[in-house]
Amino acid sequence: MKYSAPKGTRDVLPGETEKWRYIEERIHRICELYGYKEIRTPLFEQTELFVRGIGEVTDIVEKEMYTFLDKGSRSMTLRPEGTAPVARAFVEHKLFGEAQPVKLYYVGPMFRYERPQAGRFRQFSQFGVEAFGSKDPALDAEVIGLAYDFFDSLGLGQSQARVNTIGCPECRPRYRDHIKRVLSEKLGELCPDCRSRYGRNPMRILDCKNESCRAIVNDVGSIEPFLCEECSAHFALLKEYLDALSVPYTIDPRIVRGFDYYTRTVFEFTAGGIGAQDAIGGGGRYDGLIESCGGPPTPGVGFAAGIDRLLLAMEANGAAPNLNIRLGCFIVALGQESKVQSAKLVASLRRRGVSADMDYMERSMRAQMKHASRCGARFVAIIGQDELAAGVVQLRDMDRGEQWPVPLSEAVDRISECLMSASRK
Ligand code: AMP
């Protein structure tokens, strides 16, 4: 074949798209329940937004961005994540002037030039929420609770939040120095990535997946003794609210997240059975982000989940939905005159809200019946020569194998009634 989908991207074909829609419907539902409103931002932004927002010394900005010059020689980047664009929109549209907190959510594709593997793609979809304008740890708990309820609604309730705090620009440097002190003598035992992180972003060593690094990192201990009073109080209240909301969680000092914009609360959810790429969602508080996007000082907290991985996790955990989407009625017709009647009936059924279809391939009656059951038709209406002459259709209940004549003039009413009563059973 001449063309194929670019490496790390996929086509989602019928059979799969229904599952995507199922998840998307759950997303809209949970956000409505929690009072979040949908926002849609462009798929590309000025490169600078991500460099400043996510941080120069991050995996995404250093090596994963799809960056290009447009015809006006402006540097643009396909969005690798959703928080910086939403923050940009918050500032641009002066949403800080509205009643706070402003609670937003998004769903859509993101782009990262990563090495493709199971569960890791170059184009993938995320659902995320962002709540701007409040420092209240109750809001952090709400966001974690929303994430948990969402995963639970997909049958992934066993995925619990692993929660941590990374302090603020005031207290974090103390912990950073502590990490460097503890690891200074073991530098040679760390993986090459962590050796380079040591100088630039030592906290990222804590979440390295490499076994030998993990063992060394055990000596580092939690950030808690290094926290300033406010960060410490924030973390204590967060735990209290999570308990109050009955959101299951564990405290994990290794959760640090990969972006520069996080402050205080950070959290991650993982799912079993999907291999090494097992993070299904994560987020945290980012009190400095709006200011770095040129807005007034505005705290914020949010989270994002990867839809591609959720589908894999649902499959692996026996939670995949059984989406047997059926056709209401297939019209089987033979001969030109019957076909015109068939087209008329299909149109009337569809206008009545009944999904309906007919043959466009000049199939025999038998082949049309076969095709109808391939389409999952609940009912079939047959208009042969005899039926045409008698002004009737033979209505066939495909599940029960029963068949009876119905006047053509009443066919739409009868078929809709039958479908209605079938759906009640
Ligand atoms: P992040 O924005 O890196 O915190 O990622 C949030 C979620 O998006 C992760 O937990 C994953 O579920 C998903 N995700 C991130 N990168 C990818 C990728 N390359 N392919 C598929 N899903 C991804």
Side-chain angles (χ1 to χ4, degrees), residues 5-10 12 16 20 23-24 27 41 45 49-50 53-55 57-66 77-87 105-130 143-144 146-148 150-151 154 156 159-164 166 201 203-204 207-209 252 254-263 265-286 289 300-317:
K7 193 171 168 192
T9 73
R10 298 171 303 155
V12 182
E16 282 295 306
W20 281 79
I23 294 194
E24 283 155 12
I27 290 170
T41 64
E45 300 271 355
L49 173 70
F50 299 115
I54 301 172
V57 189
T58 56
D59 286 352
I60 291 188
V61 171
E62 283 185 337
K63 47 191 187 206
E64 296 171 1
M65 296 209 297
Y66 277 94
T77 293
L78 297 184
R79 63 180 188 192
E81 58 95 57
T83 302
V86 173
Y105 76 97
Y106 60 84
V107 193
M110 306 293 160
F111 307 85
R112 293 183 196 171
Y113 194 84
E114 294 192 86
R115 196 169 45 79
Q117 65 182 86
R120 188 157 77 189
F121 308 98
R122 289 182 174 171
Q123 176 176 332
F124 58 97
S125 278
Q126 279 187 346
F127 146 53
V129 308
E130 317 291 354
V143 168
I144 298 173
L146 184 157
Y148 175 74
F150 170 61
F151 296 138
L154 298 177
L156 299 172
S159 299
Q160 295 190 357
R162 286 182 296 138
V163 180
N164 191 22
I166 52 169
N201 196 352
M203 275 177 73
R204 285 309 306 273
D207 73 350
C208 181
K209 292 237 164 83
D252 186 344
R254 286 171 185 273
I255 303 289
V256 293
R257 309 283 298 149
F259 308 152
D260 272 6
Y261 51 57
Y262 286 115
T263 46
T265 309
V266 284
F267 60 93
E268 246 170 52
F269 287 83
T270 47
I274 57 172
Q277 300 301 316
D278 61 354
I280 52 171
R285 179 162 276 285
Y286 40 78
L289 180 63
V301 56
F303 111 98
I307 300 179
D308 309 71
R309 276 188 210 167
L310 283 175
L311 281 162
L312 293 172
M314 287 162 74
E315 211 74 61
N317 290 281

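First listed ligand is number 1; within each ligand, the first listed atom is number 1.
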In ligand 1, which numbered atoms sit nearer than 4.0 Å to a non-hydrogen atom of [X]?
X: G281; answer: 10 (O)
X: Q126; answer: 1 (P), 2 (O), 5 (O), 6 (C), 7 (C), 8 (O)
X: F121; answer: 18 (C), 19 (N), 20 (N), 21 (C)
X: A279; answer: 9 (C), 10 (O), 11 (C), 12 (O)
X: I280; answer: 10 (O), 12 (O)

Q. So which heavy atom in the protein is nearest atom 19 (N) of ligand 1, and how far is it from that ligand atom?
A. E114 OE2, 2.6 Å
Roughly how far, to the nearest 0.5 Å, is [atom2] of [Y] from [atom1] of [X]?
X: M65; Y: E81; atom1: CE; atom2: CD; answer: 10.5 Å
X: T83; Y: Y262; atom1: OG1; atom2: OH; answer: 5.5 Å
X: R122; Y: T9; atom1: CZ; atom2: OG1; answer: 9.5 Å

Q | Residue of the set Y106, F150, W20 for which ring-ring contact (aromatic ring centres under 6.0 Å, His included) holds with F127 | A | F150
[X] N/O to ligand 1 N/O under 3.5 Å:
X: A305; result: no
X: D308; result: no
X: R120; result: no

Out of [options], who gets a non-hydrogen atom closest to [atom]?
atom: atom 21 (C) of ligand 1; options: G119, A118, G306; result: G119
atom: atom 22 (N) of ligand 1; options: F124, F303, F269; result: F124
atom: atom 4 (O) of ligand 1; options: E268, R309, R257; result: R257

Q | Y66 atom OH: more than 12 heavy-atom contacts under 6.0 Å | A |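 Buried by this count: over 12 neighbours within 6.0 Å.
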**Q.** Test item: R309 side-chain N/O and A279 main-chain N/O as donor-acceptor pair under 3.5 Å
**A.**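 Here the side-chain-to-backbone pair exists.
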Q) Looking only at atom types and distance, does a side-chain atom of R112 sit under 3.5 Å from a main-chain N or O of P80, one as donor and one as acceptor? A)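 Side chain of R112 to backbone of P80: a pair is present.
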Q.
Please work out, at 4.0 Å between heavy atoms, whether the side chain, the backbone, both, or neither of R112 comes within that distance of ligand 1.
A.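 Near ligand 1, R112 shows its side chain, while the N, CA, C and O stay back.
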**Q.** Sub-4.0 Å heavy-atom contact, E81 with ligand 1
**A.** no
Q.
Using ring centroids (six-membered ring only for Trp), state whether F303 and Y105 fall under 6.0 Å.
A.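 Here the rings of F303 and Y105 have centres that are no less than 6.0 Å from each other.
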Q: Please name the pair of heavy atoms, one in A147 and one in F269, separated by the smallest distance, quoted to 0.1 Å.
A: CB-CE1, 3.6 Å
